[in-house]
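Below: one structure, written as C-alpha cells.
Predicted, not measured: the structure shown is a model, and the values here were computed from it. Here is the naming used below: chain letters follow the sequence lines, and residue numbers restart at 1 for every chain.
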2 protein chains.
Amino acid sequence: MGDEFCSCDILHENLIEIVKKKMPQEEKLYDLAELFKVFGDTTRVKIISALFEAELCVCDIAVLLGMSQSAISHQLRVLRQARLVKHRKEGKVVFYSLDDEHIKTIFNQGLEHILEPRGFEHAVF
Amino acid sequence: MGDEFCSCDILHENLIEIVKKKMPQEEKLYDLAELFKVFGDTTRVKIISALFEAELCVCDIAVLLGMSQSAISHQLRVLRQARLVKHRKEGKVVFYSLDDEHIKTIFNQGLEHILEPRGFEHAVF
DNA sequence: TGTACATATGAACAATTATTCATATGTTAG
DNA sequence: CTAACATATGAATAATTGTTCATATGTACA
C-alpha cells in the first residue's frame with residue numbers, strides 16, 4: 001500500500017478530527033449524493049426544465065424531447081421517487097409537475113455556476 | 001414503435017411549442033447535467049462536505065474518508081474540472097478548498113430537500 | 001545528484017445506469 | 001365485454017463511471 005500513512009497526517013491530525021466531527025452524518029451525505037445523481041442526467045434535466053414552464057403529460061414530454069414514451073416513463077419514475085415531481089391523473093392521462101421549491105433554487109444556482117466566466121486558474125489552453 | 005404519435009399530442013401541441021421555446025438551449029442543459037453529475041457521487045459529496053469546514057491537503061482527505069490517495073486524487077480532478085474546488089500548492093503538499101459560492105447554496109438546498117418530511121403522496125407503505 | 005515523499009495519471013476491471021423492446025395495467029368509449 | 005389508448009414496468013443490452021494498481025511527476029532535503 002503506502003497509502004495508509006504520510007507525514008502530512010501527523011501535521012493535520014487535529015484538523016482532520018475537527019472536520020470529521022463537523023461533517024453531516026454519513027447517511028445524509030449518501031442521500032444527498034443520491035439526490036444529485038437524479039439531477040445528473042441530461043434527459044431528467046430536460047424534463048425538469050420543461051416542467052419549469054408547464055404541467056405536462058407523459059406523451060407531451062416524449063414528443064418535446066423526441067424520445068420514446070417508455071424512456072420518459074422510466075425517468076419520471078426516478079424523478080417521482082426522488083420527490084422532485086408530482087403527478088395528477090385525469091382519466092388515462094397522467095400530468096406531471098414540479099414538486100418542490102428547492103428544485104428551482106438548485107437548478108438556478110447550477111445554471112449560474114456554469115454560466116460564470118472562467119478565471120485564470122481554470123483556463124483550458 | 002407506436003410511440004411516435006398519440007391523440008394527446010394534438011391536444012397539447014401548442015403547449016409543447018411554447019415550452020420548447022422557453023427552455024434553455026440544449027447545450028446549457030447538457031452542461032447542467034454534467035455539473036450535477038459531479039455532485040452525484042458519495043465520495044465527492046464527502047470531499048465537498050469536508051472542504052466546507054476547512055482547507056485540506058489530498059492526504060488529509062484520504063485519511064478522513066478512509067480511502068486511497070489515488071481515489072481521492074482522481075475525484076479531486078473531477079471537482080477541479082467542474083470548477084468546484086481550487087488548489088494551492090505549498091511545497092510538495094497541495095491544499096484544496098471550495099471555489100464557489102453556488103456550491104454552498106446547491107448543497108444546502110439539497111440537504112433541505114432530503115430532510116423535508118414526506119407528504120402522503122410519497123409515503124412508502 | 002539521489003532519495004524520500006505528496007500528488008497525479010493511465011489502463012483495466014467492476015459496478016452502475018439509461019434506453020430499448022415487449023408486455024402489463026388501468027381507463028374510456030362503443 | 002371489448003377495443004383503443006396512455007402510461008408503467010421487467011429484462012436485456014450498451015454505455016458510463018469509480019476504484020485499484022502501477023507508475024509518473026515534481027518538490028525538498030541530505
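Using the six-membered ring where Trp is involved, Phe36(B) and Phe39(A) have ring planes that are tilted, between 30° and 60° apart.
Distances shorter than 4.0 Å separate some side-chain N or O of Gln75(B) from OP1 or OP2 on dT19(D). Regarding contacts with the backbone of dG18(D), a side-chain N or O of Arg44(B) is found under 4.0 angstrom from either OP1 or OP2. For dG26(D), neither phosphate oxygen OP1 nor OP2 lies less than 4.0 angstrom from any side-chain nitrogen or oxygen of Lys92(B). Listed pair Thr43(A) / dT19(C) meets the phosphate criterion, a side-chain N or O lying under 4.0 Å from OP1 or OP2. In this structure, Tyr96(A) does not reach the dA6(D) phosphate: none of its side-chain N or O atoms is under 4.0 Å from OP1 or OP2.
Rounded to an integer number of Å, the gap from Lys46(B) NZ to dG18(D) P is 14 Å. When rounded to the nearest whole Å, the span between NZ of Lys89(A) and C1' of dG26(C) equals 6 Å.
Among dG10(D), dA6(D), dA11(C), the nucleotide with an atom closest to any side-chain atom of Arg77(A) is dG10(D). Relative to the side chain of Ala71(B), the nucleotides dT20(D), dT7(D), dG18(D) differ in distance, and dT20(D) lies closest. Here the nucleotide nearest the side chain of Cys59(B), chosen from dT9(D), dT9(C), dT7(C), is dT7(C). Looking at the side chain of Ser68(A), the nearest of the listed nucleotides dA28(D), dT20(C), dT19(C) is dT20(C).
Of the possible donor and acceptor atoms, one in the side chain of Asp60(A) sits under 3.5 Å from a partner among the backbone N and O of Cys57(A).
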Passes side-chain contact (heavy atoms from CB on, under 4.5 Å), Lys86(B) versus Arg80(B)? Steps please.
CA-CA 6 Å; Lys86(B) 61 183 176 222; Arg80(B) 240 188 296 133; over 6 Å; no
Under the criterion side-chain contact (heavy atoms from CB on, under 4.5 Å), I'd like the reasoning laid out for Gln109(A) against Gln109(B): C-alpha separation, chi angles, the key distance, then a yes or no.
CA-CA 10 Å; Gln109(A) 289 292 309; Gln109(B) 290 292 310; 6.0 Å; no
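Comparing Val94(A) and His74(A) by the nucleotide of DNA chain D that holds the closest heavy atom to each, the one mapping nearer the 5' end is Val94(A).
Under 3.5 Å, the side chain of Ser70(B) and the base of dT19(D) form no donor-acceptor pair of N or O atoms. Within 3.5 Å, no donor on the side chain of Gln69(B) pairs with an acceptor on the base of dA6(C), nor the reverse. Side-chain N/O atoms of His87(B) and base N/O atoms of dT7(C) include no donor-acceptor pair closer than 3.5 Å.
Side-chain N/O atoms of Tyr96(A) and Arg88(A) include no donor and acceptor closer than 3.5 Å.
If you check every strand for non-hydrogen atoms under 4.0 Å, Phe95(A) touches nothing.
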